[in-house]
Amino acid sequence: MTTAHDFSFNTIDGKPLSLKQFAGHPVLVVNVASKCGLTPQYEGLVQLYHDKREKGLVVLGVPSNQFMGQEPGTNEEIATFCSTTFGVDFPLTGKVEVRGFGTHPFYKWMLGELGAQADPAWNFHKLLIGRDGKALAAFGP
């Protein structure tokens with residue numbers, strides 16, 4: 001049976017990032033954008049990560065430029081913006097597509113597991129993965 005732990009991304013600095021490394025931890029996967037009206041949600045995500053990481057929670061930011069071009073920067077620009085503007089210290093992936101023709105395989109799997117609620121309609125859509133890698137829930141922006 002496929003779980004989230006079977007998928008990989010690249011980190012924002014281009015290194016392999018296997019979700020298998022988060023086995024045993026709940027993971028909140030959030031497609032993010034730097035130029036969106038919802039970008040201040042980074043503050044809450046950083047706070048959540050700091051409040052719950054001792055209990056194992058991982059927040060994983062997934063930059064995507066698919067919603068009105070609101071993540072136009074390079075991976076390096078995104079990383080700098082996130083760390084200097086919001087103090088983001090949770091993991092970030094490189095920029096990917098979260099819906100449509102070029103959808104990253106993880107997002108295709110989540111859609112298959114949870115249905116339409118897992119399909120990001122906008123930036124800062126959240127997907128929750130259990131400690132066992134199972135898809136648990138999806139939350140709109």
Side-chain angles (χ1 to χ4, degrees), residues 1-53 55-141:
M1 176 170 117
T2 301
T3 71
H5 300 151
D6 295 314
F7 296 95
S8 296
F9 290 87
N10 285 324
T11 63
I12 194 107
D13 57 357
K15 297 177 182 144
L17 175 70
S18 171
L19 295 184
K20 189 172 291 189
Q21 77 185 36
F22 302 129
H25 298 272
V27 181
L28 186 66
V29 181
V30 186
N31 65 295
V32 296
S34 301
K35 308 281 186 206
C36 177
L38 300 175
T39 300
Q41 284 192 27
Y42 271 124
E43 288 177 13
L45 292 169
V46 168
Q47 188 64 51
L48 177 68
Y49 179 59
H50 288 185
D51 289 350
K52 301 295 182 184
R53 68 179 164 192
K55 293 186 178 188
L57 179 70
V58 175
V59 174
L60 179 62
V62 181
S64 179
N65 193 39
Q66 289 189 273
F67 303 103
M68 294 186 66
Q70 295 181 344
E71 189 61 280
T74 64
N75 285 338
E76 183 177 338
E77 291 167 337
I78 294 165
T80 299
F81 171 82
C82 289
S83 65
T84 60
T85 307
F86 292 102
V88 171
D89 57 353
F90 54 76
L92 293 167
T93 72
K95 208 172 355 181
V96 300
E97 292 189 19
V98 298
R99 64 184 329 214
F101 180 74
T103 302
H104 186 280
F106 167 79
Y107 279 88
K108 287 181 184 177
W109 174 77
M110 286 295 288
L111 187 60
E113 293 294 300
L114 297 177
Q117 66 176 338
D119 190 19
W122 200 251
N123 302 309
F124 292 89
H125 187 264
K126 296 152 191 85
L127 301 170
L128 183 62
I129 302 163
R131 295 175 186 276
D132 58 1
K134 291 181 182 172
L136 295 180
F139 308 95

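Please read these numbers as outputs of a predicted model, since none were measured by experiment. Heavy-atom basis, side chains included; hydrogens, waters and symmetry copies ignored.
The CG atom of L60 sits 5.5 Å away from the CZ atom of F22 when rounded to the nearest 0.5 Å. We find the CD1-CG distance between I12 and L17 to be 11.0 Å, quoted to the nearest 0.5 Å. The distance from atom CG of L114 to atom CG of L128, rounded to the nearest 0.5 Å, is 9.5 Å. Remark: R99 CZ to H125 NE2 distance equals 9.0 Å, nearest 0.5 Å. Taking CD of Q47 as the reference point, atom CZ of F86 lies at 14.0 Å (rounded to 0.5 Å). If you take OG1 on T3 and CE on M1, they are separated by 7.0 Å, rounding to the nearest 0.5 Å.
Using a distance-only test at 3.5 Å, with no hydrogens or angles considered, no donor-acceptor pair links the side chain of T85 to the main chain of C82. At distances below 3.5 Å, at least one donor-acceptor pair connects side-chain atoms of K126 with backbone N or O atoms of F124. The closest donor-acceptor contact from the side chain of R131 to the backbone of H25 lies at 3.5 Å or more, if one exists at all. With hydrogens and angles ignored, the 3.5 Å screen pairs no side-chain donor or acceptor of N123 with any backbone N or O of N31. A donor-acceptor pair under 3.5 Å is formed between the side chain of H104 and the backbone N or O of S8. Between the T39 side chain and the C36 main chain, a donor and an acceptor come within less than 3.5 Å of each other.
Put simply, the side chain of V62 reaches to within 4.5 Å of the side chain of Y107, judged on heavy atoms. Side-chain contact check for W122 versus Q70: some heavy-atom pair is nearer than 4.5 Å. The closest side-chain heavy-atom distance from V27 to L19 is not below 4.5 Å. For the pair Y49/L28, no side-chain contact is recorded, criterion being any heavy-atom separation below 4.5 Å from C-beta on. The closest side-chain heavy-atom distance from F106 to V29 is below 4.5 Å.
Residues meeting the salt bridge (charged side-chain N to carboxylate O under 4.0 Å, His left out) test with R53, sequence neighbours left out: D89.
Counted within 6.0 Å of NZ on K35, heavy atoms from surrounding residues, nucleotides or ligands total 12 or fewer; the atom is thus considered open. Atom CD of E76 has 12 or fewer heavy atoms from other residues, nucleotides or ligands within 6.0 Å.
The two atoms that bring S64 and A33 nearest to each other are O-CB, 4.2 Å, heavy atoms only. The minimum heavy-atom distance between A135 and E113, with the atom names listed, is CB-CB, 3.7 Å. The two atoms that bring P16 and T11 nearest to each other are O-CG2, 4.3 Å, heavy atoms only.
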Check residues 90-98 and write down every donor-acceptor pair under 3.5 Å in which the side-chain atom is one partner and the other belongs to a residue at least two apart or another chain.
unit_1: K95; atom_1: NZ; unit_2: E71; atom_2: O; d: 2.8
unit_1: K95; atom_1: NZ; unit_2: G73; atom_2: O; d: 2.7
unit_1: E97; atom_1: OE1; unit_2: G102; atom_2: N; d: 3.4

